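Below: one structure, written as structure tokens.
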Amino acid sequence: MSYPCTDLDSFMAGLRKRNPGQKEFHDAVQEVAADVLPFIQGKEKYGTECLLERLTEPDRIITWRVSWQDDEGNVRADRAWRVQFSNAIGPYKGGLRFHPSVNQSILKFLGFEQIFKNSLTGLPMGGAKGGSNFDPKGKSDHEVMRFCQSMMTELHRYIGPDKDVPAGDIGVGAREIGYLFGQYKRLEGKFTGAITGKGIAYGGSAGRTEATGYGVVYFMKEMLATKEDSLEGKTAVVSGSGNVALYCLEKLIQLGAKPVTASDSDGFIHDPDGIDEDKLEWLKDLKVNRRGRIREYAEEFGCDFHEDEKPWGIDCDVAFPCATQNEIDEDAAKTLIKNDLIALAEGANMPCTLEAQQALRGEVLYAPGKASNAGGVAVSGLEQAQNSQRVSWSKEEVEERLQEIMREIHDKCREYGDSDGDGEIDYVKGANIGGFVKVADALLQQGVV
Ligand code: NDP
């Protein structure tokens, strides 16, 4: 292979050879490289810097065993990782995921995406991701606490407010963040903003819980506005019923749309009358407080539950995948298009496979997660700023800033994704190049490190 590599096939062949078996990571890089390689080509300043080769190699991956004791006294051992991908534009930043499917490939794909997402927010945050194959589902609070304390006993060496600032993700919500932060504070002997997503009582930001879900809907609003359209009266299909999905549903209802689905790993509910404010409050209580299953919604409100199915066959105007990666394949994408979908904004990270993306791009307004779900990390960045200044902004102030950031990300996508100025924005290209340029400039200015 010649350096720097300018041909996508050769670049990807090299990457696959160096990272065997890491399909999720390959797919995430391929999506970015397909836009960035042609952009770099012929630009003198990027010359022989091999920027994409450097950016696809994490700064470091830390991996360790987490031993903990369950309520029956059995000693259990899980695996944990922190992938510190790039701190070119700021301290490492990215969530922790607890789910049995977690492995190095998934964390590398998420960490790589995070570099570009964090850059798009305009805030000084590098890219990282971490987590464990520990499954909090069905565990008691005490078991979760013992696991979190054991995990942090190793992790605390590698993080800190100027070094690496983890947050939540799948399986890591308010409870887990509290336990992780408590142990960090105990080990370090100081109270610093080394984790975001904290409770309001101990340094969390107003509006952080809502930020990702609200941000996705704000981004959708911006996309529809380019077609002089709005969310008012639109039927929306949403997947998931976790943090992102719940607040995506909330903002959709506030802006006059009619969401008709929600899901979990058991299946989805279809409520043709729409999930309204009261039903959403019930659903939040089910999922956040009672840790129940989505089928209980169908029993409570007398609608259909589709076991082991995904909601993409339901007629809708707008779609919001908010559960996990690869939940929309090519067939599902084609079904959505056939049913006259207008727009799709990703709440989850890489919920559309590469083939689904190809089907959607150009057919509907399509926002990739690194742009549309950046609201969460953006408000995490605002939490870091408040912690350093020892101030707390109001919920209204944070929401105002969140809306502004989502507008600016949309503007960046327009700047780099509509280069011929015909008004048709390629949001994938816009997000990839818009996220890349700032990181690339930082790398160029910092020399060969
Ligand atoms: P939660 O753990 O709060 O919720 C995840 C939801 O997705 C649950 O309903 C869960 O169902 C469902 N789910 C998880 N795995 C699967 C699976 N393999 N198949 C079907 N359903 C599944 O996570 P979040 O809401 O925080 O995260 C959702 C997505 O959004 C992830 O891709 C995450 O990376 C992304 N994201 C999150 C951000 C945040 O601020 N939280 C920021 C940016 C992106 P069940 O309970 O049955 O497992």
Side-chain angles (χ1 to χ4, degrees), residues 24 28 93-102 106-107 109-111 113-114 116-118 120-121 125 127 129-131 133-138 166-177 196-197 204-205 207-216 219 238-250 261-269 283-284 286-288 290-297 306-312 320-328 345-352 367-381 383 402 406 409:
E24 294 85 358
K93 181 93 198 83
L96 295 172
R97 177 178 289 193
F98 293 171
H99 194 273
S101 65
V102 165
I106 288 181
L107 296 178
F109 117 63
L110 290 163
E113 289 266 305
Q114 201 80 43
F116 301 88
K117 182 189 306 194
N118 292 2
L120 282 169
T121 66
M125 301 183 290
K129 201 80 188 188
N133 60 347
F134 171 74
D135 186 359
K137 226 179 282 168
D169 190 75
I170 291 179
V172 180
R175 173 181 62 170
E176 290 75 14
I177 292 289
T196 59
S205 174
R208 173 60 185 93
T209 311
E210 297 86 348
T212 309
Y214 279 18
V216 181
F219 198 90
V238 176
S239 69
S241 51
N243 173 263
V244 180
L246 289 172
Y247 292 96
C248 172
L249 289 166
E250 184 161 285
T261 64
S263 72
D264 63 19
S265 48
D266 294 342
F268 78 94
I269 57 102
L283 182 60
K284 277 188 199 167
L286 174 77
K287 283 295 179 179
V288 180
R290 291 188 278 134
R291 298 184 186 274
R293 309 304 300 160
I294 198 73
R295 70 171 74 233
E296 295 172 53
Y297 178 104
H306 300 261
E307 190 159 3
D308 290 333
E309 283 184 47
K310 297 185 166 59
W312 315 121
F320 298 87
C322 296
T324 192
Q325 64 273 358
N326 295 332
E327 51 173 319
I328 299 185
E346 295 183 342
N349 285 310
M350 222 170 67
C352 296
K370 64 170 79 70
S372 52
N373 71 30
V377 76
V379 173
S380 274
E383 183 175 330
L402 170 65
M406 297 315 293
I409 296 175

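Since the structure is predicted, the reported quantities are computational estimates derived from the model, not experimental observations. All ligand and atom numbering here is 1-based and tracks the order in the structure. Both backbone and side-chain heavy atoms feed into the values below; hydrogens, waters and symmetry mates do not.
In summary, the atoms of ligand 1 found under 4.0 Å from a heavy atom of Ala348, numbered by their order in the structure, are 29 (C), 30 (O), 32 (O), 35 (C). Atom numbering of ligand 1 starts at 1 in the shown order; those under 4.0 Å from a heavy atom of Cys322 are 28 (C), 29 (C). Under a 4.0 Å criterion applied to the non-hydrogen atoms of His99, ligand 1 contributes the atoms 15 (N).
Between Trp312 and Ser239 the shortest side-chain heavy-atom distance falls below 4.5 Å. Side chains of Lys284 and Tyr247 form a contact here, defined as non-hydrogen atoms less than 4.5 Å apart.
Among all non-hydrogen protein atoms, the one lying nearest atom 33 (C) of ligand 1 is Asp169 OD1, 3.1 Å. Regarding atom 6 (C) of ligand 1, its nearest protein heavy-atom neighbour is Gly242 N, 4.0 Å. Scanning the protein for heavy atoms near atom 41 (N) of ligand 1, the closest one is Asn243 OD1, 3.5 Å.
Remark: side-chain polar atoms of Thr261 are not paired, donor with acceptor, to backbone N or O of Ile269 under 3.5 angstrom. For the pair Asn118 (side chain) and Lys93 (backbone), a donor-acceptor distance under 3.5 Å is present.
Arg295 has a carboxylate O that lies under 4.0 Å from a charged side-chain N of Glu307, or vice versa, which qualifies the two as a salt bridge.
Closest approach of Asn373 and Gly347 over heavy atoms only: ND2-O, 3.0 Å.
Proximity of atom 10 (C) of ligand 1 to the protein is not indicated, since no non-hydrogen protein atom lies closer than 4.0 angstrom.
By heavy-atom distance, the residue among Ala167, Pro136, Ala323 lying nearest atom 28 (C) of ligand 1 is Ala323. Considering each of Gly171, Ser101, Pro100, Ser265, the one bringing a non-hydrogen atom nearest atom 45 (P) of ligand 1 is Ser265.
Ligand 1 has at least one atom lying under 4.0 Å from a heavy atom of Ser241. The shortest heavy-atom distance from Met350 to ligand 1 is not under 4.0 Å. Judged by the shortest distance from any of its heavy atoms, Gln325 lies outside the 4.0 Å radius around the atoms of ligand 1. For Arg97, the closest heavy-atom approach to ligand 1 falls below 4.0 Å. Within the structure, the closest approach of Lys137 to ligand 1 falls below 4.0 Å when heavy atoms are considered. Residue contact annotation: Gly168 has no non-hydrogen atom under 4.0 Å from ligand 1.
Counting heavy atoms under 4.0 Å from ligand 1, residue Asp264 touches it through both backbone and side chain. The part of Ser263 lying near ligand 1 is the backbone, judged by heavy-atom distances below 4.0 Å. Contacts between Arg208 and ligand 1, counted as non-hydrogen atom pairs separated by less than 4.0 Å, involve the side chain only.
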